[in-house]
> 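Pasting a structure here, questions to come.
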There are 2 protein chains.
Amino acid sequence: MKISELAKKVGISAHTLRYYEKAGLLSPSQRNQNNYREYTQEDVATTKFILACKESGFSLAETSALLAIKDNKDQHACAEAKLITRNKIEEISQQISQLKNMQTTLIDLEKYCCGGPESAEFCTIISTLEGDS
Amino acid sequence: MKISELAKKVGISAHTLRYYEKAGLLSPSQRNQNNYREYTQEDVATTKFILACKESGFSLAETSALLAIKDNKDQHACAEAKLITRNKIEEISQQISQLKNMQTTLIDLEKYCCGGPESAEFCTIISTLEGDS
DNA sequence: CTTGACCTTCGAGCATACTCTAAGGTTTAT
DNA sequence: ATAAACCTTAGAGTATGCTCGAAGGTCAAG
């Protein structure tokens with residue numbers, strides 16, 4: 001199939017597919033005589049794999065590493081896939097805690113503010129940010 | 001004080017201070033006769049305000065809006081500050097849920113994988129990403 | 001034979017928040 | 001007098017993952 005057919009089938013743009021190709025994630029098995037990309041069912045599967053990785057939070061670089069394992073399973077150990085996954089879990093945990101800290105700070109900021117049409121002269125949000133503790 | 005003294009005092013680089021100036025967040029009250037930036041105590045306070053906003057997760061654009069309130073309290077209502085804060089809380093909540101979803105997916109991926117030196121032929125991480133459900 | 005809908009490549013643009021460099025001027029210490 | 005350590009500006013580079021546009025080739029229908 002041609003690029004826009006694949007694009008439609010997996011729900012992303014042809015531009016993005018070409019971008020993935022440039023990033024080394026997905027190359028169509030061949031080109032036709034007009035130099036148009038020709039994709040196979042295997043390419044569809046690979047594209048879906050990429051999108052599943054994205055869903056799970058993997059970067060394109062990590063996805064690339066996972067693809068290398070997928071495409072050459074007998075040359076790779078389970079340990080590799082597990083390590084990539086563990087590292088990602090750790091990274092996301094850290095992001096979550098950072099966001100939770102911000103959330104706590106923000107909720108503290110917000111809860112004492114009257115939020116009314118009054119002048120912000122005594123606004124607790126502003127004065128807290130100013131460092132009046 | 002000059003730029004690097006302020007930088008040292010608040011713990012960021014002079015480059016960043018100039019960047020904040022270009023972004024409209026912080027302008028030194030004056031320049032000396034050599035066109036060097038001269039900062040006052042008020043500028044120190046403003047810089048700390050900016051960093052407090054950053055700590056809380058506000059973008060530079062949001063920080064800019066909060067600064068406008070701070071610098072002109074009687075022209076602004078509490079409601080404005082509260083709205084900005086609420087929107088940020090909402091935004092961060094969404095980021096947290098998205099990350100938590102990823103985290104759940106990743107933990108599911110990881111927990112069944114043996115993680116051993118065996119070939120990845122039957123790796124549950126890879127096969128799950130391949131869509132074998 | 002022309003119109004519209006495809007396809008190609010290369011390269012720029014977006015968003016965010018810096019970070020750094022280059023080229024040049026000033027100040028301070030020895 | 002000169003070297004180190006400041007300061008200035010403008011603009012480029014970094015990271016990520018797209019997103020879009022320009023210029024040109026191909027193809028199918030009427």
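Numbers restart at 1 for each chain; the letters A, B, ... are given by sequence-line order, proteins then strands. Since the model is a prediction, treat every value here as computed from it, not as a measurement. Side chains included, hydrogens not; waters and symmetry mates left out as well; all remaining heavy atoms used.
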> With sequence neighbours left out, write down each residue that passes salt bridge (charged side-chain N to carboxylate O under 4.0 Å, His left out) with A:Lys111, or none if nothing qualifies.
A:Asp108

> Bend angle of the helix from C:dC1-D:dG30 to C:dT30-D:dA1 from five-pair axes at both ends, rounded to 10°?
30°

> Could you give the OH-to-P distance, from A:Tyr19 to D:dT16, as a whole number of Å?
9 Å

> Just to be sure I understand the geometry, which residues of residues 52-59 of chain A put a non-hydrogen atom under 4.0 Å away from DNA chain D?
A:Lys54, A:Ser59

> Apply side chain to side chain contact (heavy atoms under 4.5 Å, CB included) to residues B:Arg37 and B:Gln30 and explain how you reach the verdict.
CA-CA 6 Å; B:Arg37 290 168 177 83; B:Gln30 356 183 358; over 6 Å; no

> Considering only heavy atoms of chain A and a distance under 4.0 Å, specify the first and last nucleotide of DNA chain C in 5' to 3' order that meet this criterion.
C:dC6 to C:dT9

> Using the closest heavy atom to pick a nucleotide of DNA chain D for each, name whichever of A:Ser13 or A:Gln33 lands nearer the 5' end.
A:Ser13

> For B:Glu38, is the CD atom crowded, meaning more than 12 foreign heavy atoms sit under 6.0 Å from it?
yes

> Whole angstrom is fine here: how far is it from CG in A:Leu17 over to P in D:dC20?
14 Å

> Tell me, which pairs form a salt bridge (charged side-chain N to carboxylate O under 4.0 Å, His left out) where one or both residues lie in residues 123-133 of chain B, sequence neighbours left out?
A:Lys73-B:Glu130

> What salt bridge (charged side-chain N to carboxylate O under 4.0 Å, His left out) pairs are there with at least one residue in residues 40-60 of chain A, not counting sequence neighbours?
none

> Return each pair, listed once, that meets salt bridge (charged side-chain N to carboxylate O under 4.0 Å, His left out) where at least one residue sits in residues 57-71 of chain B; pairs must be two or more places apart or across chains.
B:Glu62-B:Lys88

> Output all residues satisfying salt bridge (charged side-chain N to carboxylate O under 4.0 Å, His left out) with A:Arg86, sequence neighbours left out; order by chain, then residue number.
B:Glu110

> Does either side chain, that of B:Gln94 or that of B:Glu90, offer a donor lying less than 3.5 Å from an acceptor on the other one?
yes

> Sequence neighbours left out, what pairs pass side chain to side chain donor-acceptor pair (under 3.5 Å) with at least one residue falling in residues 112-127 of chain A?
none

> Name all residues meeting the side-chain contact (heavy atoms from CB on, under 4.5 Å) criterion together with A:Glu80; count only those two or more places apart in sequence or in a different chain, and write none if there are none.
A:Ile69, A:His76, A:Ala77

> Is any side-chain heavy atom of B:Ile107 closer than 4.5 Å to one of B:Leu109?
no

> For B:Ser27, what residues pass the side-chain contact (heavy atoms from CB on, under 4.5 Å) criterion, not counting sequence neighbours?
B:Glu21

> Using a 4.0 Å heavy-atom cut-off to protein, can you give one letter per nucleotide of nucleotides 1-11 of chain D, 5' to 3': B if the base is in contact, S if only the sugar-phosphate is, - if neither?
-----BSBB--

> Say whether A:Tyr36 and A:Val44 are linked into one hydrophobic cluster, either directly or through other cluster members, by side-chain heavy-atom distances under 4.5 angstrom.
no

